[in-house]
Protein chains: 2
Amino acid sequence: MIREWEQQLYNNGYRITASRCAIMEVLREAQEPLSAQELLARGRQHHRTLGIVTVYRTLDLLSELGLVRRVHRSDGCHGYLSASPGHHHAILCLHCGRASEFQGQDDLIELLGRVRRETGFEIDDHLLQLYGTCSECRAHDV
Amino acid sequence: MIREWEQQLYNNGYRITASRCAIMEVLREAQEPLSAQELLARGRQHHRTLGIVTVYRTLDLLSELGLVRRVHRSDGCHGYLSASPGHHHAILCLHCGRASEFQGQDDLIELLGRVRRETGFEIDDHLLQLYGTCSECRAHDV
DNA sequence: TCCTTACTGAAAAAATGTTTCATCTAGTCT
DNA sequence: AGACTAGATGAAACATTTTTTCAGTAAGGA
């Protein structure tokens, strides 16, 4: 796993650079979606000269390869998460920010069919994210 | 309907101003989600001195009252739509931008229950939007 | 008509994301 | 190992969206 992303870069003809490694390391360590600025700050602890432009470019690249998922955080920012292979959606904890993934394909089929019949739209894509309280926060906080 | 929003403002102790009327008028006429800048441009046709700050403030106010829904447009911008009462979600046409609403509560309950069991999250809120092709665009375009 | 206070809009600031371009370096070739 | 070259980098400038500040305006009750 630790070298899987590097392998993906190599297989697709991209170079394995210190900047990219720093960003990937941070993403792999994170439990919650990080903004570009947060990625920059944490990435600089691995590679001191890392710049914000490279953060954005690397996120684009990793998104294209399906390794990273962009989510809408509850604070309105975009956050980036390491993504499991396959079709998943994110669920974010409103208290600690922690993220999980879930599969939502099957349960949505019925809904999508109904919406198609009701609205006359052909449905090409969807945006689904859940917000709630993770089990740790439920145990400790409220 | 035409005066319903004004009544809501009045009932909640807010003033009915020319700026607010201009913005509400534009929102009621629109078929597609408008960005703040688009609302400003169109609103100025009704009220020439309208400013962007008032657009944002009025959108916040109308959102609080449940009259307006903020959506994520396919171009990445935030768009604002007049919202029907009750729990609805938006579906946007990727070709002409037109928006519709649909109810998605019931079909989601099963999904939400499953996710709760699988992830241990208590689910408080959700973000669901669909993107596709409206019937007009299907007929004319492709 | 007057008065109070909510409301307004210009300007400046803040936050986020993109473009440009000279420089650097990863990976390859010798 | 050394050199080459295209891909990668990061600073700076730019663009866009949203928020804050504040002096002035006007809605609506008295």
Side-chain angles (χ1 to χ4, degrees), chain A residues 3 5-26 33-65 67-80, chain B residues 3 5-26 33-65 67-80:
Chain A
R3 290 283 92 91
W5 289 14
E6 284 79 352
Q7 191 65 49
Q8 285 271 357
L9 286 182
Y10 183 83
N11 292 347
N12 287 275
Y14 297 108
R15 294 188 179 166
I16 296 164
T17 66
S19 298
R20 287 174 178 168
C21 287
I23 295 166
M24 292 189 288
E25 198 50 39
V26 171
L34 299 176
S35 71
Q37 290 296 335
E38 290 163 348
L39 273 162
L40 176 66
R42 296 195 192 186
R44 279 187 165 161
Q45 293 171 9
H46 294 85
H47 180 63
R48 275 170 299 167
T49 65
L50 182 64
I52 188 66
V53 186
T54 300
V55 173
Y56 281 111
R57 280 191 289 228
T58 301
L59 289 171
D60 285 349
L61 178 56
L62 296 175
S63 297
E64 253 174 50
L65 297 177
L67 303 174
V68 154
R69 179 187 323 289
R70 188 167 85 164
V71 301
H72 298 280
R73 302 201 310 192
S74 54
D75 66 2
C77 257
H78 283 146
Y80 299 85
Chain B
R3 290 282 93 90
W5 289 13
E6 284 78 352
Q7 191 63 50
Q8 285 271 358
L9 285 182
Y10 184 83
N11 292 347
N12 288 274
Y14 296 108
R15 292 185 182 171
I16 296 166
T17 67
S19 298
R20 287 173 177 168
C21 287
I23 294 165
M24 291 190 288
E25 197 50 38
V26 171
L34 300 176
S35 69
Q37 289 297 334
E38 289 163 350
L39 273 162
L40 176 66
R42 296 195 192 186
R44 278 188 166 159
Q45 293 171 10
H46 293 85
H47 181 62
R48 273 171 300 168
T49 64
L50 181 64
I52 188 67
V53 184
T54 300
V55 173
Y56 279 109
R57 280 190 287 229
T58 301
L59 288 172
D60 284 350
L61 177 55
L62 295 175
S63 298
E64 253 173 50
L65 296 176
L67 303 173
V68 154
R69 181 188 320 290
R70 188 166 86 164
V71 301
H72 297 280
R73 301 202 311 192
S74 53
D75 67 1
C77 258
H78 283 145
Y80 299 85

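Below, chain A is the first sequence line, B the second, and so on; all start at residue 1.
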Test log, rule side-chain contact (heavy atoms from CB on, under 4.5 Å), inputs B:His78 and B:Arg73:
CA-CA 6 Å; B:His78 283 145; B:Arg73 301 202 311 192; over 6 Å; no

Apply side-chain contact (heavy atoms from CB on, under 4.5 Å) to residues A:Gln37 and A:Leu40 and explain how you reach the verdict.
CA-CA 5 Å; A:Gln37 290 296 335; A:Leu40 176 66; 3.9 Å; yes

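Formation of a donor-acceptor pair under 3.5 Å by the B:Arg70 side chain with backbone atoms of B:Ser63 is not found in this model. Counting only distance, with no hydrogens or angles, the side chain of A:Thr54 and the backbone of A:Leu50 share no donor-acceptor pair below 3.5 Å.
Side-chain contact between A:Leu67 and A:Met24 is absent, with no heavy-atom pair separated by less than 4.5 Å. Side-chain contact between B:Asn12 and B:Glu64 is absent, with no heavy atoms from C-beta onward closer than 4.5 Å. B:His46 places none of its side-chain heavy atoms less than 4.5 Å from the side chain of B:Cys21. At least one side-chain heavy atom of B:Leu65 sits less than 4.5 Å from a side-chain heavy atom of B:Leu9.
Using a 4.0 Å cutoff to heavy atoms of chain B, the contacted part of DNA chain C runs 5' to 3' from C:dT5 to C:dA11.
Using a 4.0 Å heavy-atom distance criterion, B:Ser35 is classed as making no nucleic acid contact.
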Within the 4.0 Å limit for protein heavy atoms, which parts of nucleotides 18-30 of chain D are touched? Write it as a string from 5' to 3', B for base, S for sugar-phosphate only, - for none.
BBB-----BBSS-

